[in-house]
Amino acid sequence: MTATAVPQPLEATDDLLRALQAAGVGPGSPVAVAAAAAGTGLAAAGHTWAVPARLEGVVRRVADQLSPRWVWWSGHDTAAPLVAARVNVTACWDVAAVHRLLHGGSADRPAAVWALSQGLDPAGVPRSGQLDLLSSGDTDEGDPADPVRPDGYLRPDWAEGPLREPAQAARWAALALRLHDEQQPLLRGAVDPRQPPSRPPLAVLTAWSESAAELLAVELQSGGLPLDRDTAVELITGHVGPRPADETAAAASRRERDDVVRRLVTGGADVDLRNPAQVRDMLAGIGFVVPDTRSWRLEPFRGTHPAVDALLSWRKSERIATTYGYGWLDRHVGADGRLRGAWRGCDGAAGRMTAQAGLHNMPAELRPAVVAEPGYVFVRADLGQIEPRVLAAVSADAALARATADPDLYSPVAARLGCDRPTAKVAVLAAMYGQTSGTAGEALKGLDRAYPVAMASLRAADDEGKLGNDVRTYGGRRVPMWVGAGQLDPAVAAARGRFARNAVVQGAAAELFKMWAVTVRAGLTGLGGGDQAQIVLCLHDELLVHVPERRADDVVALLHQTLERTGARWATGSGVRFVADVSVVSRWSDAK
DNA sequence: TTGACCACGTA
DNA sequence: CGTACGTGGTCAAC
């Protein structure tokens with residue numbers, strides 16, 4: 001077993017290159033790598049090596065010479081120093097990301113990934129420094145030089161790192177390679193046998209792109225989103241006034257904003273607008289009895305009482321003041337004018353990317369502050385009508401696939417249903433999301449007749465969800481279905497059905513999007529030129545690329561061309577067409 | 001201090 | 001038309 005093999009100590013990276021070549025490592029061969037304080041460990045093809053050189057230098061040299069597929073436990077750990085050192089990685093295998101694909105959930109730490117993939121109870125994962133009261137020292141503690149304990153769990157001091165010696169890193173890398181090897185047959189089992197065969201199988205392609213997406217997440221986190229601080233301050237000032245000098249001034253400003261609303265209600269002087277219960281009572285006092293005070297519920301009463309309008313504008317400003325105000329700028333915007341937050345390549349459900357620091361939910365009013373740097377522009381692209389197109393592909397519905405030939409998918413659908421476009425759109429969305437209210441009923445029946453294959457696949461997912469069974473996305477992601485106590489509660493069953501119905505579409509769309517994004521990323525590095533174009537934002541179906549002005553046309557072409565290639569590869573033989581709206585702008589808000 | 005709930009922004 | 005996410009507020013329980 002490679003995990004216990006004695007790593008070969010090497011003096012220099014040149015020796016390593018010769019050893020890797022001798023082991024048959026070439027372009028695309030899996031080579032696992034891990035960092036230790038005093039060097040780097042590698043594993044490939046039954047060999048392990050320990051090199052007394054830094055990870056960045058080793059990876060740079062080996063990548064240049066052999067361009068292998070780098071295998072690591074998690075891009076968050078291993079790729080971060082590589083990104084910081086600007087080492088270009090073209091192909092990787094993120095064991096944790098592939099684990100999440102196969103198993104579902106959001107595990108990223110090696111201890112959890114290992115336990116789950118070895119069939120061990122994740123609740124039993126040992127922590128470092130934890131005293132095992134049941135076995136006070138007299139049990140077999142095994143060999144401390146083996147990262148795996150006799151009970152099968154990873155040794156906490158290994159799993160939580162940092163590792164000291166390159167020989168340790170070599171064993172650690174070997175373990176990652178073992179997981180990589182174990183994941184291969186599982187991926188082959190994760191594709192629906194009815195899918196058109198591809199080489200490599202779609203789930204393996206997905207594993208590649210999910211791994212690259214984690215790398216992209218590290219890059220997004222490190223690079224940040226260009227933001228013009230002065231514009232941001234202007235916009236914030238417009239909503240909540242100038243930056244208060246101290247806490248007293250902040251409180252005064254807050255009170256002033258509150259009073260604009262409270263003055264309009266008799267006896268409202270002391271109402272706490274941040275307390276929904278008090279707001280509800282206040283509204284009742286002026287004749288509006290509502291179950292809750294959400295904006296959409298108050299919206300119909302706009303214009304009937306000045307306090308309602310004032311409250312709704314107050315809410316808008318309050319959002320800016322609390323979530324996207326001066327504090328937000330201070331916390332998340334660097335001296336270089338980049339807005340940075342933590343990124344993840346997938347969430348724990350359908351697998352969309354997530355971002356912190358408000359990067360994924362920045363209000364449209366603040367978007368004018370997202371400005372390209374001097375000499376640069378943004379190339380912005382978003383996938384048009386991605387979800388119904390994805391549905392056509394994953395369900396292999398030939399009729400719906402034909403509709404994707406139109407740049408506006410809903411117009412052929414409307415023609416086929418014999419209704420207007422808005423009705424057709426609502427019906428398609430209702431089908432994908434599991435409508436419970438509204439009046440798309442007649443059009444939904446039409447959909448069943450016109451696109452029975454697509455509708456049946458949605459219903460199948462819905463049924464599985466209702467039963468509490470996990471579903472798999474087109475690319476092979478397992479979407480675990482929570483099994484609650486309320487199995488007999490029809491409301492819970494219906495919610496699970498909607499969740500599953502939505503997950504197979506949203507999840508597959510996320511997979512296609514990421515495959516596109518990482519293909520674009522690879523294309524950008526090949527673009528050449530000193531100052532690099534980089535992806536600075538991924539927003540579910542939208543890409544924002546920060547590009548040197550003179551490269552803008554190249555990137556526009558790249559976005560279209562990569563989408564065509566990715567779409568053809570992802571939805572092999574389905575005949576589904578994907579479209580992107582692409583524009584070149586200086587401000588994010590100028591697009592569309 | 002923590003977790004639930006509310007509320008609201010994005011897709 | 002519903003799902004998902006992240007964020008910050010208050011409140012009640014710890």
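Just so it is clear: chains get the letters A, B, ... in the order the sequence lines come, proteins before strands, and each one is counted from 1.
- As judged by a 4.0 angstrom heavy-atom cut-off over every strand, A:R315 is placed among residues touching the sugar-phosphate backbone only.
- A:Q506 comes within 4.0 angstrom of a base, heavy atoms only.
- Between A:D408 and A:K425 there is no salt bridge, since no side-chain nitrogen of the basic residue lies less than 4.0 Å from a carboxylate oxygen of the acidic one.
- When heavy atoms are screened at a 4.0 angstrom cut-off, A:R352 is found touching base atoms of the nucleic acid.
- Applying the 4.0 Å criterion to OP1 and OP2 of B:dA7, one finds that A:T293 has a side-chain N or O inside that range.
- Contact annotation for A:R344: no contact, since no heavy-atom pair falls under 4.0 Å across all strands.
- In this structure, the CG atom of A:L273 is 13 Å from the C1' atom of B:dA7, given to the nearest Å.
- For A:A430, whose side chain is taken as the heavy atoms from C-beta onward, the closest listed nucleotide among C:dG6, C:dA4, C:dC1 is C:dC1.
- Here A:M362 lies in heavy-atom contact (under 4.0 Å) with sugar-phosphate atoms only.
- Aromatic rings from A:H76 and A:W343 are positioned such that their centres are separated by 6.0 Å or more.
- Using bins of under 30°, 30° to 60° and over 60° for the plane-to-plane angle, the ring pair A:Y324/A:W328 lands in the perpendicular bin.
- The side chain of A:N275 contributes an N or O atom lying less than 4.0 Å from OP1 or OP2 of C:dC11.
- A close approach under 4.0 Å does not occur between any side-chain nitrogen or oxygen of A:R496 and OP1 or OP2 of C:dT3.
- For A:D347, the listed nucleotide lying nearest its side chain is C:dA4; candidates were C:dG8, C:dA4, B:dC8.
- Remark: A:R498 is in phosphate contact with C:dT3, judged by side-chain N or O atoms under 4.0 Å from OP1 or OP2.
- Between the side chain of A:T562 and the backbone N or O of A:L559 there is at least one donor-acceptor pair closer than 3.5 Å.
- Regarding A:M432, its CE atom lies at a distance of 13 Å from the P atom of C:dG2, rounded to whole Å.
- Salt bridge A:R243/A:D330: present, at least one basic N to carboxylate O contact under 4.0 Å.
- For A:D281 and C:dT10, the CG to C1' distance is 15 Å, given to the nearest whole Å.
- Across all strands shown, A:R280 has no heavy atoms under 4.0 Å from either base or sugar-phosphate atoms.
- Among C:dC5, C:dC1, B:dC6, the nucleotide with an atom closest to any side-chain atom of A:T354 is C:dC5.
- No contact: A:A503 has no heavy atom under 4.0 Å from any strand.
- Residue A:A277 is classed as having no contact, given no heavy-atom separation below 4.0 Å to the nucleic acid.
- Counting only heavy atoms from C-beta on, A:A349 has its side chain closest to C:dC5 among C:dG9, C:dC1, C:dC5.
- Between A:K425 and C:dC1 there is no side-chain polar atom (N or O) within less than 4.0 angstrom of OP1 or OP2.
- A:A355 comes within contact range of the sugar-phosphate backbone alone, with a heavy-atom separation under 4.0 Å but no base atom that close.
- Side-chain nitrogen and oxygen atoms of A:S295 include at least one within less than 4.0 Å of the OP1 or OP2 phosphate oxygen of B:dC8.
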